[in-house]
Participant: 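Take this structure, written in structure tokens, and hold onto it; I'll ask about it next.
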Amino acid sequence: MRFLPPAPARILHFTLSTDNLSAWLEAQGYQVSVARKFQEGESIQSPTHTRQGMDQIGWPAAEDAAKGFGAAILQGFSNRIHPLALFNQLDRLLPMDGVVVLDGEYPLAARMPHWLDHAVAIGARCGFDEQSPEPDEVLNADSGFVRVLRKSVVPRWQIRHVISDDFSNIATLFHEVFGHPLSRDLWVWKYGQGRGNAATAARNGVTIAHYGGMYRDILLCGTPEWAFQICDVMVHPEERGVMTRKGPFLLTAATSAEIYGPLGFGFPNARAMLVAEKMGLYAEVGQLVSVTWPSSAPGYRWRTRARALNAHNESDHAEVDALWVTMAQDLQQDVVGVRDWNYLEHRYVHHPHNHYELLMVTMRWSGKPLGLLVLRRVENACELLDVVAPLKNIPLLIDQARRVTGLWGLASLYCWITKNQAQRFIDCGGKEEAINISIPTSCWTDDPRAHLFKNRWWLMAGDTDFR
């Protein structure tokens, strides 16, 4: 009460319960608008068997919102509420000096134990500073909390949760940073329908930084998990000099880590990796290397054969899923992205621009599936983007991939693979070459599980968003 504006200020009260706080506030002379539901919308992080959902809270009717509020009280605040979307909304509803009260109970188990501190830090980046209580006002309860913030500053950079209306601004920044356009189809393929999320930074209404990521289901030493796959990291060329611990890159990266962490990975080049390491965002847990083979004679192989996978054939889908189960068993001591048919179909069959060849390698006489190859023709070479197979079958798959490369009249076959797994491919006659791509883990939230990634990843070019 000490922090609330004096009555008859207007207060927005969000609650999922039917307690009498609103009535009590009204008895003190306040004008109270109550919101009791979550809002279906673009701020939602859809739940899966490994991932908790996050929601955007319901807001008052447009006529009430237009009048503004002096304070907002969020009862039942939890890690189910998307914090960046929340403070973006509060920024529009509250005037300078507007008060936010976060009231709730700690969940019994949280993916990130310090999620509330992260939410308060995100509030500070949006201009809402935490207010210090008096000693006798501290809530001494193991399960409950009350945190008070005040809208006190207009930040130099406005951090925003990305929604679909932001595409044109993001596409403009993408072209300025990378020198080629970003199509809406590719953007939707990455982020649409709950596949990913992103944060931006704007100055004077112009988007000058973007930090995005896609949700990736993984097996972490055999345990189903998910990680935030970092992509489309951009800072406007005129803002790159502000690579400080308060600059737009760190603000968007840290905010994303605090919402979508603690497990993350990506494919930065050496310069980007060095900047992120110095800021305490990333720690290197591996490297990608390239392994190259000359093409081979296109004649038949008496032991094996390769055929095009039928993307519309459920029997082929089942064979891919069975191969993935075996591959996952072989990698129980490692970290690998899920490679079942649902993933492969979206990644390769439904890619809006690139064309990939999906080839099933089988025993010639019995037809028993040995593994799946994902290939792409690149100038005078063939790129092996992905393999789904028992690891013992890799030599047979590489032999068929080299044969197909020769059949297509291409000079060489190559693949990207994490260095800790490269020997399996080098033993098939390949030559290793460095390609200057690190594999980071997110260390901003200091989660101990991040260290499990060290030299354990199975990653190939198909795991990237840009090949």
Participant: Using a 3.5 Å distance criterion without hydrogens, assess whether the side chain of Ser152 forms a donor-acceptor pair with backbone atoms of Phe128.
Facilitator: no
Participant: What do the steps show when you test His82 against His161 for ring-ring contact (aromatic ring centres under 6.0 Å, His included), and what is the final call?
Facilitator: CA-CA 9 Å; His82 193 292; His161 169 75; 4.4 Å; yes
Participant: Cation-pi check, Arg216 to Phe265: give yes when NZ or CZ is under 6.0 Å from the six-membered ring centre and within 45° of the ring axis, no otherwise.
Facilitator: no
Participant: Just wondering, do Ile208 and Val235 contact through their side chains at under 4.5 Å, heavy atoms?
Facilitator: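 The answer is no; the side chains never approach within 4.5 Å.
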Participant: Between Leu396 and Arg303, is the side-chain contact (heavy atoms from CB on, under 4.5 Å) condition met? List the steps.
Facilitator: CA-CA 9 Å; Leu396 296 175; Arg303 186 178 178 186; 3.9 Å; yes
Participant: Apply side-chain contact (heavy atoms from CB on, under 4.5 Å) to Asp334 and Trp457, showing your working.
Facilitator: CA-CA 6 Å; Asp334 300 282; Trp457 266 117; over 6 Å; no
Participant: Going by an N to O cut-off under 4.0 Å, is there a salt bridge joining Arg125 and Glu258?
Facilitator: yes
Participant: About how many Å separate CD1 of Ile81 and CG of Leu86, when rounded to the nearest 0.5 Å?
Facilitator: 6.5 Å
Participant: May I ask you to decide if the ring planes of His317 and Trp341 are parallel, tilted or perpendicular, using 30° and 60° as cut-offs?
Facilitator: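 Judged by the thresholds at 30° and 60°, the geometry between His317 and Trp341 is parallel.
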Participant: Side chains of Pro262 and Met112, heavy atoms from C-beta outward: is any pair under 4.5 Å?
Facilitator: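 Touching, per the 4.5 Å side-chain cut-off.
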Participant: Between Cys443 and Gly280, what is the shortest heavy-atom contact and its length?
Facilitator: SG-O, 3.5 Å
Participant: What closest approach, in Å, do Leu219 and Ala328 show between heavy atoms, and which atom pair accounts for it?
Facilitator: CD1-CB, 3.5 Å
Participant: With a sphere of 6.0 Å drawn around NE2 of His312, does it hold more than 12 non-hydrogen atoms of other residues, nucleotides or ligands?
Facilitator: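 Open: at most 12 neighbouring heavy atoms sit under 6.0 Å from NE2 of His312.
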Participant: Please find the pair of heavy atoms, one from Phe425 and one from Cys415, that lie closest to each other, and give the distance.
Facilitator: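 In this case the closest contact between Phe425 and Cys415 is CD2-SG, 4.0 Å.
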Participant: Between CG of Leu102 and CG of Leu116, what distance do you get to the nearest 0.5 Å?
Facilitator: 7.0 Å
Participant: Check for a donor-acceptor pair, side chain of Asn354 on one end and backbone N or O of Tyr348 on the other, with a separation under 3.5 Å.
Facilitator: no
Participant: Is it true that His353 and Trp189 have ring centroids separated by less than 6.0 Å?
Facilitator: no
Participant: Go through the steps to decide whether Thr50 and Glu225 satisfy the test side-chain hydrogen bond (donor to acceptor under 3.5 Å, both in side chains), and finish with yes or no.
Facilitator: CA-CA 6 Å; Thr50 59; Glu225 252 290 0; 5.8 Å; no
Participant: Using a cut-off of 6.0 Å, state whether more than 12 heavy atoms not belonging to Asn455 lie near its atom CG.
Facilitator: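 It does: Asn455 CG has more than 12 such atoms within range.
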Participant: Looking at Phe174 versus His210, is the centre-to-centre ring distance below 6.0 Å?
Facilitator: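 No; His210 has its ring centre 6.0 Å or more from that of Phe174.
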Participant: Count the heavy atoms belonging to other residues, nucleotides or ligands that lie under 6.0 Å from CZ of Phe466, then report whether that count exceeds 12.
Facilitator: yes
Participant: With side chains defined as the heavy atoms from C-beta onward, is the minimum distance between Pro440 and Val285 less than 4.5 Å?
Facilitator: no
Participant: Apply side-chain hydrogen bond (donor to acceptor under 3.5 Å, both in side chains) to Arg403 and Tyr300, showing your working.
Facilitator: CA-CA 8 Å; Arg403 183 189 76 83; Tyr300 288 109; over 6 Å; no
Participant: The test is side-chain contact (heavy atoms from CB on, under 4.5 Å); show your working for Thr445 and His114 and say whether it passes.
Facilitator: CA-CA 8 Å; Thr445 59; His114 304 292; over 6 Å; no
Participant: Is the shortest heavy-atom distance from the side chain of Ser412 to the side chain of Trp293 under 4.5 Å?
Facilitator: no
Participant: Assess, by modelled atom type and distance only, whether the side chains of Ser296 and Arg301 contain a donor and an acceptor separated by less than 3.5 Å.
Facilitator: yes
Participant: Nearest 0.5 Å please: distance from the CG atom of Leu375 over to the CG atom of Leu384.
Facilitator: 6.0 Å
Participant: Run the numbers on Phe453 and Ile218 for side-chain contact (heavy atoms from CB on, under 4.5 Å), then give the verdict.
Facilitator: CA-CA 11 Å; Phe453 291 101; Ile218 65 172; 4.2 Å; yes
Participant: Indicate yes or no: does Glu319 engage Arg307 in a salt bridge with an N to O separation below 4.0 Å.
Facilitator: yes
Participant: Would a distance-only check, ignoring hydrogens and angles, find a side-chain to backbone donor-acceptor pair under 3.5 Å from Asp399 to Ile394?
Facilitator: no
Participant: Closest heavy-atom contact between Gly212 and Ala198?
Facilitator: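 Smallest heavy-atom distance, with atoms named: CA-CB, 3.7 Å.
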Participant: How long is the span from the CG atom in Leu288 to the CD1 atom in Ile437, to the nearest 0.5 Å?
Facilitator: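 One finds 5.5 Å between CG of Leu288 and CD1 of Ile437.
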Participant: Taking the side chain as C-beta and beyond, is there a heavy-atom pair between Val335 and Leu452 under 4.5 Å?
Facilitator: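 Side chain of Val335 against side chain of Leu452, heavy atoms only: no contact under 4.5 Å found.
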Participant: Please work out which of the three classes, parallel, tilted or perpendicular, describes the rings of Phe77 and Phe145, given edges at 30° and 60°.
Facilitator: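 Judged by the thresholds at 30° and 60°, the geometry between Phe145 and Phe77 is perpendicular.
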Participant: What is the ring orientation for Trp115 with Tyr106, classed by angle as parallel under 30°, tilted 30 to 60°, or perpendicular over 60°?
Facilitator: perpendicular
Participant: Give a yes or no on whether a salt bridge exists between Arg377 and Glu383, defined as a side-chain N under 4.0 angstrom from a carboxylate O.
Facilitator: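 Answer for the salt bridge query: no.
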Participant: Are more than 12 heavy atoms, taken from residues, nucleotides or ligands other than Glu433, located less than 6.0 Å from that residue's CD atom?
Facilitator: yes
Participant: Quick one: does any side-chain atom of Ser438 pair with a main-chain N or O of Glu284 as donor and acceptor, under 3.5 Å?
Facilitator: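 Side chain of Ser438 to backbone of Glu284, a donor-acceptor pair under 3.5 Å: no, none is there.
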Participant: Answer yes or no: is there an ion pair linking Asp386 with Arg467, defined by an N-O contact shorter than 4.0 Å?
Facilitator: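 No, this pair does not count.
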Participant: Should the pair Tyr191 and Trp187 be assigned to parallel (<30°), tilted (30 to 60°) or perpendicular (>60°) ring geometry?
Facilitator: tilted
Participant: I'd like to know if Asp463 pairs up with Arg339 as an ion pair, taking the criterion as any Lys NZ or Arg NE/NH1/NH2 lying under 4.0 Å from an Asp or Glu carboxylate oxygen.
Facilitator: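 Yes, Asp463 and Arg339 are salt-bridged.
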Participant: Of the non-hydrogen atoms in Cys382 and Trp408, which two are nearest, and what is the gap between them?
Facilitator: SG-CZ3, 3.8 Å
Participant: For Pro47 and Gly53, work out which heavy atoms get closest and say how close.
Facilitator: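 So the two residues come closest at CB-N, 3.6 Å.
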Participant: For a 4.5 angstrom cut-off between non-hydrogen side-chain atoms, does Pro83 reach His118?
Facilitator: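 Counting from C-beta outward, Pro83 and His118 never come under 4.5 Å.
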Participant: Would you call Cys221 and Gln332 a side-chain contact if the rule is heavy atoms closer than 4.5 Å?
Facilitator: no
Participant: Can Lys190 and Asp465 be counted as an ion pair, charged N to O under 4.0 angstrom?
Facilitator: yes
Participant: Are any of the side-chain heavy atoms of Ile417 and Val291 separated by less than 4.5 Å?
Facilitator: yes
Participant: Dump the intermediate steps for side-chain hydrogen bond (donor to acceptor under 3.5 Å, both in side chains) on Gln45 and Tyr260, then the final yes or no.
Facilitator: CA-CA 9 Å; Gln45 174 178 288; Tyr260 310 114; 5.8 Å; no
Participant: Return the CZ to CZ distance between Arg364 and Arg305, rounded to the nearest 0.5 Å.
Facilitator: 6.5 Å
Participant: Please check: side-chain N/O of Thr464 versus main-chain N/O of Ala461, any donor-acceptor pairing under 3.5 Å?
Facilitator: yes
Participant: Tell me whether the guanidinium CZ or amine NZ of Arg51 lies under 6.0 angstrom from the six-membered ring centre of Trp226 and within 45° of its axis.
Facilitator: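 Yes, Arg51 sits over the ring of Trp226.
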Participant: When you check the gap from the basic side-chain N to the acidic O, do Asp117 and Arg147 get nearer than 4.0 Å?
Facilitator: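 Result for this pair is yes, salt bridge flagged.
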Participant: State whether the side chain of Arg424 and the backbone N or O of Leu391 hold a donor-acceptor pair below 3.5 Å, judged by distance alone.
Facilitator: no
Participant: Does NZ in Lys454 sit with more than 12 non-hydrogen atoms of other residues, nucleotides or ligands closer than 6.0 Å?
Facilitator: yes
Participant: Measure the CG-OG1 distance between Asp166 and Thr172 for me, rounded to the nearest 0.5 Å.
Facilitator: 11.5 Å
